[in-house]
Amino acid sequence: MAVAQLPSAAVDFARFLTGLTARLDRRSGWLAVFLERDPDGMGACLAGSELPPWDVVDALLQDLAADQGAAAARTEAATARALHAAATAAHDGGPGAAAALARRLDVMLRERRYTAERLRELTAHRATATTEEAAAALDVDLAWAEDDHRRATARCAELRARADALAAPATPPAPAAPSAPPRRPSRGNAPGGARFAGITEEAAEPRAAPVAPAPAAAVRGARFAGVAEPAGEPAPSRPGPEEARAAGGAVARLHALRAQGRGGEAHVLLAELAGWPAPRLPLLAAELHRAGLEADWATLLWEVATLPPAGLVAAADALAAAGRGADARQLLRQGVARPAPEIADALHLLTGDGRERQARALAGAYLAVRSPEDAAGVARSDPDRLVPLLLDAARGVSEERHWDLVHAFRVAGVLA
């Protein structure tokens with residue numbers, strides 16, 4: 001796509017990015033890493049046909065600070081944010097933007113799971129290193145793996161914010177900053193890892209998806225997303241003193257790892273906590289906020305969102321029952337970024353188990369961020385059961401979404 005065919009906001013950002021990179025040394029820093037890892041992706045960003053994730057722009061500003069001083073970087077940062085936000089709105093204003101964002105979020109969630117698994121593997125190898133040379137080499141690999149995981153997490157959040165903005169039109173969201181500033185490269189070229197921008201939908205496809213954590217124990221909830229179930233439903237099991245002690249101990253270990261700069265082990269612990277029984281999740285939320293580890297709570301929610309559907313629903317149910325409805329809704333929005341067959345399986349599971357309200361909440365979260373065409377793919381597996389459920393949930397999103405869904409169902413042949 002030629003720059004002349006692009007929206008003016010995309011052209012403006014591409015020109016800014018070209019000017020920024022022209023001031024940097026292409027042989028060192030993050031720019032050198034990005035050019036080596038994904039020259040085609042970087043070229044597409046400079047041409048304006050693709051938009052780099054904000055963490056990439058932020059890393060280039062770090063290069064500028066290292067080369068020309070913090071004052072120069074601060075001056076450019078405000079301009080970069082404004083132009084990036086405008087370009088984001090332009091890219092997301094085109095036809096098919098919601099579906100494209102959903103596909104890219106699918107890819108980045110898989111990338112995030114891969115990087116988490118990579119961190120776990122390297123951390124285990126580091127613990128058994130027998131020589132100083134082996135330990136030093138693994139420390140380098142761990143540093144890059146932590147950066148890959150940090151970037152994947154930031155990109156998932158950025159894509160999620162963009163999808164939410166399309167689902168509920170508002171002012172364009174500010175670019176999501178990384179959970180922690182990436183370190184400027186200093187030990188030579190980066191080893192193999194995440195593609196620099198996660199731009200193309202195929203970027204993460206060759207990676208084998210790691211085995212998901214063990215699903216959280218199912219909770220037959222009395223409430224879900226803050227909605228009361230019929231009185232006859234059993235209440236969720238309440239965590240006792242043992243669960244409270246376990247949550248407190250886990251957060252204390254996490255705090256110690258963060259204080260010692262052992263980020264890789266901290267990520268491994270968070271991944272393990274995501275597989276805990278669902279009733280412990282609200283306790284972990286309270287302990288993490290009490291310890292000032294809000295960023296780790298956000299990371300833990302992302303890890304829980306990758307659980308199999310039964311575990312995801314149980315976790316959201318437990319959060320809602322504990323009065324954390326906003327967290328439950330966020331978890332659902334993050335968790336529906338998965339293939340249509342998995343959503344269909346989850347809806348079958350919930351409706352077959354008599355949890356109609358939970359099924360409607362999951363369907364509503366899916367419809368709020370995915371296209372009607374995606375929803376038709378979900379309904380295709382069992383139109384008799386899923387078409388009425390999805391149409392009912394669509395009315396809860398908006399009347400417009402309901403009629404869009406009716407049209408998509410008719411086009412797909414799942415509704416007469």
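Below, all heavy atoms of this structure are taken into account, side chains as well, without hydrogens, waters or symmetry copies. If you read the sequence from its start, that first residue is 1, and numbering goes on from there. Owing to the predicted nature of the structure, the values given are computational and were not obtained by experimental measurement.
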Are side-chain heavy atoms of Leu300 and Val304 found at a separation under 4.5 Å? yes
Check: Arg370 side chain, Ala102 main-chain N or O, donor-acceptor pair, under 3.5 Å: no
Can you confirm whether Asp296 sits close enough to Arg258 that some side-chain heavy atom of one is under 4.5 Å from a side-chain heavy atom of the other? yes
Electrostatic pair Arg150-Asp147, nearest N-O below 4.0 angstrom: yes
Have Asp374 and Ser371 got a donor and an acceptor in their side chains that come within less than 3.5 Å? yes
Smallest heavy-atom separation, Ala361 atom then Leu332 atom, equals O-CD1, 4.1 Å
Other residues, nucleotides, ligands: >12 heavy atoms within 6.0 Å of His407 NE2: no
Taking the six-membered ring of Trp30, is the NZ or CZ of Arg37 close enough (under 6.0 Å from the centre) and on axis enough (within 45°)? no
So, do Leu51 and Cys45 sit near enough that their side-chain heavy atoms are less than 4.5 Å apart? no
Whether Asp392 and Arg360 form a salt bridge (side-chain N of Lys/Arg under 4.0 Å from carboxylate O of Asp/Glu) is what I want to check. yes
So does His348 get a backbone contact from the side chain of Thr351, meaning a donor-acceptor N/O pair under 3.5 Å? yes
Any donor-acceptor pair under 3.5 Å from Thr75 side chain to Ala71 backbone: yes
Hey, are the side chains of Arg333 and Arg329 touching, using non-hydrogen atoms and a 4.5 Å cut-off? yes
Candidates Thr79, Thr88, Val57 - the one meeting side-chain contact (heavy atoms from CB on, under 4.5 Å) with Phe13: Val57
So does Arg113 pair up with Glu303, basic N to acidic O under 4.0 Å? no
Is there a donor-acceptor contact under 3.5 Å from the side chain of Glu399 to the main chain of Ala394? no
Does the His289 side chain pair with the main chain of Ala285, one donor and one acceptor, at a distance under 3.5 Å? yes
Do the side chains of Glu356 and Arg385 get close enough for a salt bridge, i.e. N-O under 4.0 angstrom? no
Taking side chain as C-beta onward, heavy atoms only, is Arg280 less than 4.5 Å from Pro277? yes
Is there a salt bridge (Lys or Arg N to Asp or Glu O under 4.0 Å) between Glu158 and Arg155? Walk through the geometry before answering. CA-CA 5 Å; Glu158 184 176 344; Arg155 292 168 194 179; over 6 Å; no
